[in-house]
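Heads up, the thing below is written out as structure tokens.
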Amino acid sequence: MLYGVTVRNPTGRGRIRDIVFEPGIPWDEFTIVTAADIPGTNAVALLMNDQPVLASGISAHIEEAIVLLAHPDRYLLEEARRRVRIEIDPLPQIFTLEASLAKHEIIWGNDNTFKTFQVLKGDPDQAFAAADLIVEGEYETGAQEQLYIETNGMLATANPADGITVWGSMQCPYYIQKALLPIFNLPPDQLRIIQMETGGGFGGKEEYPSMIAAHAALLAWKSGKPVKLIYDRAEDMVATTKRHPSRTRHRTALTRDGKILAMDIAFDIDGGAYCTLSPVVLSRGTIHAAGPYNCPNVRIRSRAVATSMPPHGAFRGFGAPQSIFALERQMDRAAKAVGLSPDEFRRRNFLHEGESTATGQLIREKLDLSALLDRALERSHYHQRTQEFAASNPTTHIKRGIGFATFMHGAGFTGSGEVYLKSVVGVETTLEGNVRILAASTEMGQGTNTILSQIAADTLGLAYDQIELAQPDTAHVPNSGPTVASRTVMVVGKLVEAACQGLKQTLTASGLSIADYTARFGPLKAYSEYQPPPGVHWNDETYQGDAYGAFSWAVYVATVAVDTTTCEVQLTDFVAVQEVGKVIHPIMAMGQIEGGVAQAIGYALYERVAWKNGRMANAQMTNYIMPTSADLPPIRVYFEETPYAYGPSGAKGIGELPMDGPAPSILNAIENALGVPFDTIPLTPENIADRLWSNP
């Protein structure tokens, strides 16, 4: 086996003039791969196929892959990597979302826009003309690193006779297979992808592993030997995707008594140098931008634009945390403008059963957001604490505050996405009397294996330990879709349930046990393919209709203490109340909420990506600050259960929901404590000091 490494663009966007292999290294012992060695198309197949596997001619951003090296001695390999000199003639660069929107320099195509969307409901212009009051606000969110425990890594074997096999850390085996097919001009049966146990993903191992798999496979293809390519933490942080930075501008038309007449929202995200998944991140952020409110007139215009940064990509929440942060800060601002408490303002505008979202999706399920809010405020002692803090804050330098956010998150792929995927799940019997689940859904610490096994065991009436799971391997399991988008339980779990019901019917009719049937006839298999719930309709052109099969709903309440001497924020309590359909596994569901809230607290207060000329300058866990257990409050988790008819046992999606609400609830609480609004995250002590000390 050989070890592989990547030689990257050291400077930024520019024209590659030369690749120099400096003396002192036995280069004849190395496998060296450049773009010229790619047997097929030099592009990572995803949405726009604009990102090269290896840059050739023009390199679009710093840290872009240009040369690959492999050698059996990993220490000599590292020395060799340092002795490859990439000479680049610089080209104009854009490092901020604002500069790209202003189009000071055109860096991609005819303009800097990857994708735009518009959602239109009613007549916003007429509503603004009739409004008693118009409230405006602008909100920004920064990049965020996924910071999974296990870094990215792949092992590949490749040759023309046997094809290619890749083992690695990933969320989506079939994404990688699709990406590698055109690179090597191979049929699917010659390209096998196997997911190994994966130490965390959070979206960071959704699309980017296709790049690493291609690099390892290219080195294996040229060398004829297995190649292992594993990033260290610094390379993983500087080279791979992060959450999209965003800017959102709100205009809200109101009546004097606090009813929302219209929303006009401009939502923009920084896609980086290549498209990656920016259009679908933008899509989800756009659809969630108007939130759980019954507004008759809505206009949402959104853009994903290019910069000279390394590409941004998937991250838990997928655009919704950015737009929901802006919305829930705007809702507190609007409440203040009309003289209502934040909770009363929201009660007057909540969606109810029979009303429609911004895309015109009719709420058919039972929905009582006021009751959800009541429970959250009661559990957090919201009204009592509001009065206590107002009385005590003037007398101390420790200012206390409490704030909340109300929000929802759609489960599954947006619009026609699930229909397009046509996900398939299988189950089969074994000679030992067990049932094996055949699915490409991956375990990365979130509990996929446990939940799918539990669904199968409950459906078949078997003991939990009679359920096996096949390893996600494109040679042996059907394509059940990617492990993303809060879809594993609701969509894939429902397919497991349906396949198990089919298996059970055949076994019951035969009168035989699983072991006896399998011994007599061989393994019995049953498959289930996704079918949309009845009455669900979506128009991709107008962006109107049923965006999701179901939404999960939540109210989160944060309590903070802000030290006005050090400007540090301490979270002292956090209450998370959510309705996610039937809770299948209460302990794991609680863990998902607690983990998501912790990650979102980092997004709100700690995790600042420091950029220097387009490169992440704090690419270490010593200076990219994430919250530790000492920084987290008690996270008190509560569930309301309203079973969803088209989820397994009534379950809906849960994984992304807790990423959405903490940031706005925390900043709403900080404003409550200090009387000063903050509209950008992460909100660090330096940011607070700048504001407080410049306006004493």
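Note: hydrogens, waters and symmetry copies are ignored here, and every other heavy atom, side chains too, is used. The structure displayed is predicted, hence computed values, not measured ones.
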- [ ] Would you check if the side chain of R379 reaches a backbone N or O of A576 as a donor-acceptor pair within less than 3.5 Å?
- [x] no
Open item on the list: If we count only N and O atoms by modelled type, under 3.5 Å, do the side chains of S246 and T141 hold a donor and an acceptor together?
Closed with: yes
TODO: Go through the steps for Y556 and F407 under the test ring-ring contact (aromatic ring centres under 6.0 Å, His included), then give the verdict.
DONE: CA-CA 9 Å; Y556 285 4; F407 58 101; 4.9 Å; yes
Task: Check: N668 and I670 side chains under 4.5 Å, non-hydrogen atoms - done: no
TODO: Would you give the length of the straight line joining atom CG of L327 to atom CE of M263, rounded to the nearest 0.5 angstrom?
DONE: 5.5 Å
Task: Basic-acidic side-chain contact under 4.0 Å: R346, D332 - done: yes
TODO: For the pair R299 and D125, find out whether any cationic side-chain nitrogen is under 4.0 Å from an anionic carboxylate oxygen.
DONE: yes
Open item on the list: For R400, is the CZ atom crowded, meaning more than 12 foreign heavy atoms sit under 6.0 Å from it?
Closed with: no
Open item on the list: Quick one about Q384 and T386 (side-chain donor to acceptor, distance below 3.5 Å, no hydrogens or angles considered), yes or no?
Closed with: no
- [ ] Would you kindly say whether T680 and Y139 are connected by a side-chain donor-acceptor distance under 3.5 Å?
- [x] no
- [ ] Before giving the answer on salt bridge (Lys or Arg N to Asp or Glu O under 4.0 Å), spell out for E579 and K366 the whole-Å C-alpha distance, their side-chain angles and the decisive distance to 0.1 Å.
- [x] CA-CA 11 Å; E579 189 277 290; K366 292 181 180 178; over 6 Å; no
- [ ] Output yes when R316 and E656 qualify as a salt bridge under the 4.0 Å nitrogen-oxygen rule, no when they do not.
- [x] no
Open item on the list: Assess, by modelled atom type and distance only, whether the side chains of T252 and Q330 contain a donor and an acceptor separated by less than 3.5 Å.
Closed with: yes
TODO: Scan side-chain atoms only and decide if D631 and T628 contain a donor-acceptor pair under the 3.5 Å cut-off.
DONE: yes
- [ ] Flag yes if more than 12 heavy atoms outside E353 fall under 6.0 Å of its CD atom; otherwise flag no.
- [x] yes
Task: Heavy-atom donor-acceptor pair, H352 side chain to F350 backbone, under 3.5 Å - done: yes
Open item on the list: Within the structure provided, determine whether R247 and L101 are in side-chain contact (heavy-atom separation under 4.5 Å).
Closed with: yes
TODO: Over 60° means perpendicular and under 30° means parallel, so classify the ring planes of H312 and H244, tilted if in between.
DONE: tilted
Task: 4.5 Å side-chain heavy-atom contact, V597 and I601 - done: yes
- [ ] Please determine if R375 and E640 form a salt bridge, counting it only when a charged side-chain N lies under 4.0 Å from a carboxylate O.
- [x] yes
- [ ] Mark yes or no for whether R329, through its side chain, and F678, through its backbone, hold a donor-acceptor pair below 3.5 Å.
- [x] yes
Task: Donor on one side chain, acceptor on other, T276 and Y208, under 3.5 Å - done: no
Open item on the list: Closer than 4.0 angstrom, basic N to acidic O: yes or no for D679 and R333?
Closed with: yes
Task: More than 12 heavy atoms from other groups under 6.0 Å of NZ on K259 - done: yes
Open item on the list: Applying side-chain hydrogen bond (donor to acceptor under 3.5 Å, both in side chains) to Y543 and Q118, what does each step give before you reach the verdict?
Closed with: CA-CA 7 Å; Y543 242 58; Q118 176 165 296; over 6 Å; no
TODO: For the pair T448 and Q446, evaluate side-chain hydrogen bond (donor to acceptor under 3.5 Å, both in side chains) and give the outcome as yes or no after the intermediate values.
DONE: CA-CA 6 Å; T448 293; Q446 84 284 31; 2.7 Å; yes
- [ ] Could you give me the CA-CA distance, side-chain angles and deciding distance for Y293 and R348, then say whether side-chain hydrogen bond (donor to acceptor under 3.5 Å, both in side chains) is met?
- [x] CA-CA 9 Å; Y293 302 106; R348 296 187 185 190; over 6 Å; no
Task: Carboxylate-amine/guanidinium proximity below 4.0 Å for D573 and R385 - done: yes
Open item on the list: Looking at Q171, is its backbone amide N or carbonyl O close enough to the side chain of E206 to form a donor-acceptor pair, meaning the two atoms are under 3.5 Å apart?
Closed with: no
TODO: Indicate whether the side chain of T307 and that of D270 have a donor and an acceptor atom separated by less than 3.5 Å.
DONE: yes
- [ ] Search all heavy atoms of D132 against all heavy atoms of R256 and return the closest pair with its distance.
- [x] OD2-N, 2.9 Å
Task: Residue pair S356 / K121, side-chain donor-acceptor N/O under 3.5 Å - done: yes
Open item on the list: So for atom NZ, which belongs to K115, do other residues, nucleotides or ligands contribute more than 12 heavy atoms lying within a distance under 6.0 Å?
Closed with: no
Open item on the list: Is the ring pair F551/W553 parallel, tilted or perpendicular, if the boundaries are 30 and 60 degrees?
Closed with: tilted
Open item on the list: I'd like to know if R691 pairs up with E686 as an ion pair, taking the criterion as any Lys NZ or Arg NE/NH1/NH2 lying under 4.0 Å from an Asp or Glu carboxylate oxygen.
Closed with: no
Task: K652 side chain to V580 backbone, donor-acceptor under 3.5 Å - done: no
Task: Pi-cation contact, F128 with R251 (under 6.0 Å, within 45°) - done: yes
TODO: Give me the ring orientation class for H288 and H409: parallel if the planes are under 30° apart, tilted from 30 to 60°, perpendicular past 60°.
DONE: tilted
Task: CZ on F202 to CZ on F315, rounded to 0.5 Å - done: 7.5 Å
Task: Sub-4.5 Å side-chain heavy-atom contact between T483 and M444 - done: yes
Task: Check: E145 and R243 side chains under 4.5 Å, non-hydrogen atoms - done: no
TODO: May I ask you to decide if V562's main-chain N or O and E568's side chain share a donor-acceptor pair within less than 3.5 Å?
DONE: no
Open item on the list: Determine whether the aromatic ring centres of residues F404 and Y382 are separated by less than 6.0 angstrom.
Closed with: yes
Task: Close side-chain approach of K205 and T240, heavy atoms under 4.5 Å - done: no
Open item on the list: Do R347 and L373 have side chains that approach each other closer than 4.5 Å (heavy atoms only, starting at C-beta)?
Closed with: yes
Task: Flag side-chain contact, heavy atom, 4.5 Å: L369 against T406 - done: no
